[in-house]
Amino acid sequence: MQLPECHLTRKGLQWSRAGHPWVYRDDLAFASGDHGDLVRVLFDGRCLGSAFLSTRSKIALRWVERGEEPRLPDDALWKERIEAALARRATLSSRTDAYRVVHDAADGIPGLIIDRYGSLAVVQTTIAGTEKLLPFLARELPLILGVEDVLARNDLAVREKEGLEREVRTLHGVCPERLWLHEEGPRGRVEFAVAPQVGQKTGAFLDQRENRWCAAEYARGRFLDAFSYSGLFALHAAPRASEVLVVDSSEPALELCEEAAARNGSENIKCVRQNVFDYLKEAVANGEIFDTVVLDPPAFAKSRRDVPAAIRGYREINRRAMTLLSPGGILITCSCSYNLSARDFLDVLRRAAADSRADFRVLEQRGSASDHPSLLSYPESGYLKCFVLEKVE
Ligand code: SAH
């Protein structure tokens, strides 16, 4: 079998030598093959490797393998890559049964996400190339991962760029409505619930795991978990805090939190369903004080156009959170907007601190959890920023 061929322009060659995992349409001199095919990539008659082809998106190629003699695509190749990714998570999997097994190009399969939730694997295929792998994933994931059920959470908007339908579909077994999982955090074991078919992301924000463990180390006194989702920051922090306030606008998320609080015996957790912007404003007006605050908002800057409004939003919530903190108090503040760099975010925090008339020590600069690696050559994949700040007394 011979793969279809795509030829790069000279600019495409330079771009590819820089190591970026994509090639844009403008950098292709010639392309054969259909949407979603694995193709051989050439320049000046020389083979540079293989890639998934998209005939719909501006991103025409996503590298699968570099080198003059790329392997033909077969199940063994994907199986090896998934097994290698699983092996990289061996330490993590001793502490939790909820983790990302495959994180896109950083784990060697561009356009594929595989999350494990105990006996369930949840997959997301974001490009036509990996959409073709769905039958393989349905068949092989139970064997490779030892799971019983496989769900496709393919309701992501990015699929439309590839001309793919948005859908949620059970690929193997029966997908449970709700699953109980656990994490061994620094303050002990926490059990938590996910609703994989309807929950946000694939059911949980796995990318924040280690930041939650970090926050639990700092937790003391009154603890505020703002933009909580199912309250995982709160659940880990509760044993160290006197009182824990959990604020989110989503009722189903808070229901998950309340059930988990009861299951973990965390009687000091109280859930408030409110817009965090309003909650913080009222808390400042009422003169409330917290000793530890977590801010983990959704991405305010989904595109470059949103950046100025996003900066205003981040500045407002951080200014208010900083005002609420007791002297020596700790702020764990996050941004998952990839359109806002760590430097830009730090700048927003500096302005917010000045607005709140306080200074802060930067104790830690963190990113996403270890099962969400980013490639050095692909800076877009390092979207999550998390700073730990201490209010100077
Ligand atoms: N901290 C969570 C993840 C939070 S994701 C964890 O570690 O699991 C962002 C959360 O913000 C979502 O649960 C969403 O429901 C909530 N949200 C978005 N906008 C909000 C707003 N204006 N006020 C309150 N909650 C909001």
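Whatever order the structure lists ligands and atoms in, that order sets their numbers, starting from 1. Values below: every heavy atom of this structure, side chains too, minus hydrogens, waters and symmetry copies.
Counting heavy atoms closer than 4.0 Å to ligand 1, residue Ser249 contributes atoms from both its backbone and its side chain. With a heavy-atom cut-off of 4.0 Å, Ser228 touches ligand 1 through its backbone alone. Of the heavy atoms in Gln274, only backbone atoms (N, CA, C, O) come closer than 4.0 Å to ligand 1.
Under a 4.0 angstrom heavy-atom cut-off, Ser230 registers as lying outside contact with ligand 1.
An N or O contact shorter than 3.5 Å links Asn275 to ligand 1 by distance. For ligand 1, one of its N or O atoms has an N or O atom of Val276 under 3.5 Å away. Checking only distances, Gln208 never comes within under 3.5 Å of ligand 1, N or O to N or O.
Under the 4.0 Å criterion applied to side-chain N and carboxylate O atoms, Arg71 and Glu80 are assigned as salt-bridge partners. Comment: Glu390 engages Arg361 in a salt bridge, judged by a side-chain N to carboxylate O separation of less than 4.0 angstrom. In this structure, Glu160 does not pair ionically with Arg56, as no charged nitrogen and carboxylate oxygen lie closer than 4.0 Å. A salt bridge does not link Lys281 to Asp278: none of the charged nitrogens lies less than 4.0 Å from a carboxylate oxygen. Of the charged side-chain nitrogens involved, at least one lies within less than 4.0 Å of a carboxylate oxygen, so that Lys201 and Asp207 count as a salt-bridged pair. Taking a cutoff of 4.0 Å between a charged side-chain nitrogen and a carboxylate oxygen, Lys270 and Asp225 do not qualify as a salt bridge.
The nearest protein atom to atom 10 (C) of ligand 1, hydrogens excluded, is given as Asp248 OD2, 3.4 Å; this is a heavy-atom distance. Nearest protein heavy-atom neighbour of atom 5 (S) of ligand 1: Phe205 CZ, 3.4 Å. With respect to atom 3 (C) of ligand 1, the closest heavy atom belonging to the protein is Asp296 OD2, 3.2 Å. In this structure, atom 7 (O) of ligand 1 lies nearest to the protein heavy atom Arg212 NH1, 2.8 Å. Of all protein heavy atoms, the one closest to atom 18 (C) of ligand 1 is Pro298 CG, 3.4 Å.
By the 30° and 60° cut-offs, the orientation of the rings of Trp15 relative to His20 is parallel. Using cut-offs of 30° and 60° for the angle between ring planes, the Trp213 and His236 rings count as perpendicular.
Near Ser250, meaning under 4.0 Å from any of its heavy atoms, are these atoms of ligand 1: 15 (O).
Pairing each heavy atom of Leu38 with each of Pro4, the nearest pair is O-CD, 3.5 Å.
Of all the listed residues (Phe227, Tyr229, Phe233), Phe227 holds the heavy atom that lies closest to atom 21 (C) of ligand 1.
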